[in-house]
Enquirer: 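Sharing a structure here in structure tokens format.
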Amino acid sequence: SGDNVGGGRSGAISPPPIEDSVQKIDVNPPRGTRDFPPEDMRLRNWLFNHFREVSRSFGFEEVDFPVLESEALFIRKAGEEIRDQLYCFEDRGNRRVALRPELTPSLARLVIQKGKSVSLPLKWFAVGQCWRYERMTRGRRREHYQWNMDIIGVPEVMAEAELISSIVTFFKRVGITASDVGFKVSSRKVLQEVLRCYSIPENLFGKVCVIIDKMEKIPIDEITKELKSLGMSEEAIKDLLQVLSIKSLTKLEEILGAAGEAVADLKQLFSLAEKFGYSEWIQFDASVVRGLAYYTGIVFEGFDREGKLRAICGGGRYDHLLSTFGGDDVPACGFGFGDAVIIELLKEKGLLPELSLQVENIVCALDHYLQGAAAAVATRLREKGQSVDLVLESKPLKWVFKRAARTNAQRLILVGNSEWQRGMVSVKILSSGEQYEIKLDELE
Ligand SMILES: OCc1cccc(Br)n1
């Protein structure tokens, strides 16, 4: 009926207290950041649940760290973009702090803090918001959520093979196949072996990697210029760029020989990939170095084979990060997987899940004085593990049915006077229209 069931007050809203002057605020989130209204939050939870379920199925334990860290954790001198875009400031205690741009340094910090109280190997995962501050000219986001998995304390390539297997497992769970996505795999030891041939000082290694990582983003003569500025000769640069164009492990072995660690590690990884069953997902590509200075060995990145999107994920071995923070020289490897590109890919592939609000019951009092009774009915159902949307004020039945449809409620429980007098409530199964009365203590 159109009238208010229970005759409650119409939606009168009291004016703000006169001492608070109304100051119209911008209701949008800060530039480069996102709100997650319910429909977006359902998709985010769906994605993060997959991240967590895969991590747990690989025996990893979840960890987290403060979004705010000491700036010192991220101050590296290799010219990384992540450093140039650090969201850093001085707090009220005059401390230099930063919103974390990645999770790995925090993880390294916690491992060192735990010291001997944890036994290696550690298999930790995290899903955390990371930040960067870049000029909005490029209109890019300033925050994203990253899934990380890290293995601490395993020097062998088996660890990297396990990590790639976990990402392949995730892709399969969400319907992405090896025809949609691949991993370019290489090792920074390739680059290291070439630099050693030209006696390039080890301390330039990180800087060279950061420059090489820009290879597909800036013109090659800019790359050459930057490498020259590090003191590399024309010949060394030519040779290095030539090696980095190699896409076959056999060719790489011809150039570097079979004795070096780079070739041995990569051959081992490709052999393990066979055993894990994901050979079709990976390919050797010497140009992959990744942009983080601390990688020291195998590096990999997930890419969409249509080449429309930025890297989906990336990772690698970082055997000396902990020691650069003053910890023991513990071997480690891990990856980061952002929450944005994967959603773009799933959209492209028509793989986004249909996620609607689902509630099992909507409970409504038919008279205002039965609100308490309705609360008791809702509590009983909730104690039995049922979800209940309790109508909290007197509303027309038409409104209740509309809300039940919007929330995809399975059952409508009406608390009416005559039924309640007999200890009953009426139930309507909204999919079939079936309607019946039931004793309250039989309701479940
Ligand atoms: O992938 C680099 C990165 C780091 C922090 C925040 C965002 Br958005 N992107």
Side-chain angles (χ1 to χ4, degrees), residues 28-36 40-41 43-44 47-48 51 63-76 78-89 96-109 125-150 163 167 170 181 183-184 206 209-218 288-295 299-304 307-316 318 321 333-347:
N28 294 303
R31 297 181 65 157
T33 70
R34 299 165 291 175
D35 292 316
F36 286 88
D40 296 342
M41 198 63 198
L43 180 59
R44 175 173 134 181
L47 180 66
F48 290 10
F51 288 162
V63 293
D64 196 6
F65 329 94
V67 176
L68 185 74
E69 284 278 13
S70 160
E71 182 188 50
L73 214 54
F74 311 109
I75 299 294
R76 301 188 289 261
E80 297 154 286
E81 184 179 64
I82 207 162
R83 166 82 183 81
D84 301 340
Q85 298 175 341
L86 198 57
Y87 210 133
C88 53
F89 53 97
R96 292 295 307 169
V97 289
L99 297 181
R100 65 188 179 198
E102 54 167 329
L103 300 174
T104 307
S106 301
L107 181 134
R109 176 180 61 70
F125 80 92
V127 182
Q129 193 174 34
C130 296
W131 293 82
R132 67 182 171 195
Y133 189 91
E134 63 166 22
R135 300 273 161 262
M136 281 315 279
T137 41
R138 291 167 64 176
R140 296 201 305 174
R141 278 175 299 99
R142 286 182 173 155
E143 54 77 24
H144 72 169
Y145 284 81
Q146 247 196 35
W147 168 39
N148 278 220
M149 289 177 79
D150 290 83
L163 289 176
I167 307 174
F170 165 81
V181 161
F183 291 87
K184 291 174 186 169
C209 292
V210 170
I211 293 168
I212 295 298
D213 181 61
K214 297 187 278 190
M215 221 148 53
E216 284 173 14
K217 299 159 200 158
I218 62 176
V288 176
V289 289
R290 298 297 295 163
L292 293 169
Y294 50 66
Y295 288 131
V299 284
F300 54 87
E301 74 184 28
F303 69 99
D304 82 289
K308 290 182 184 166
L309 305 172
R310 306 178 305 288
I312 301 162
C313 57
Y318 53 94
L321 183 63
C333 58
F335 69 79
F337 192 124
D339 71 329
V341 178
I342 183 61
I343 295 298
E344 291 172 47
L345 179 69
L346 289 167
K347 227 172 258 173

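Read the numbers this way: they start at 1 and go in the same order the structure lists the ligands and their atoms. One-based numbering along the sequence shown. Only heavy atoms go into these numbers, but all of them, side chains included; no hydrogens, no water, no symmetry mates. None of the values given here were measured: they were computed from a predicted structure.
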Enquirer: Verify the distance criterion only: is there a donor paired with an acceptor across the side chains of Y145 and R44 at less than 3.5 Å?
Expert: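 On atom types as modelled, these side chains qualify, holding a pair under 3.5 Å.
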Enquirer: Please identify each residue that fulfils salt bridge (charged side-chain N to carboxylate O under 4.0 Å, His left out) with D213, with sequence neighbours left out.
Expert: K217
Enquirer: For P105 and R76, which heavy atoms make the closest approach, and how far apart are they?
Expert: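 Nearest heavy atoms, P105 then R76: CG-NH1, 4.0 Å.
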Enquirer: Taking NZ, NE, NH1 and NH2 as the nitrogens, is one of them in R310 or E344 under 4.0 Å from a carboxylate oxygen of the other?
Expert: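 Salt bridge present between R310 and E344.
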Enquirer: Would you call D64 and R100 a salt bridge, using N to O less than 4.0 angstrom?
Expert: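 Here D64 pairs with R100 in a salt bridge, since their nearest N and O are under 4.0 Å apart.
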Enquirer: Put together the list of close N/O pairs, under 3.5 Å, between ligand 1 and the protein, could you?
Expert:
{"from": "ligand 1", "atom 1": "9 (N)", "to": "R132", "atom 2": "NH1", "distance (Å)": "3.4"}

Enquirer: Cation over ring, R142 on Y133, under 6.0 Å and within 45°?
Expert: yes
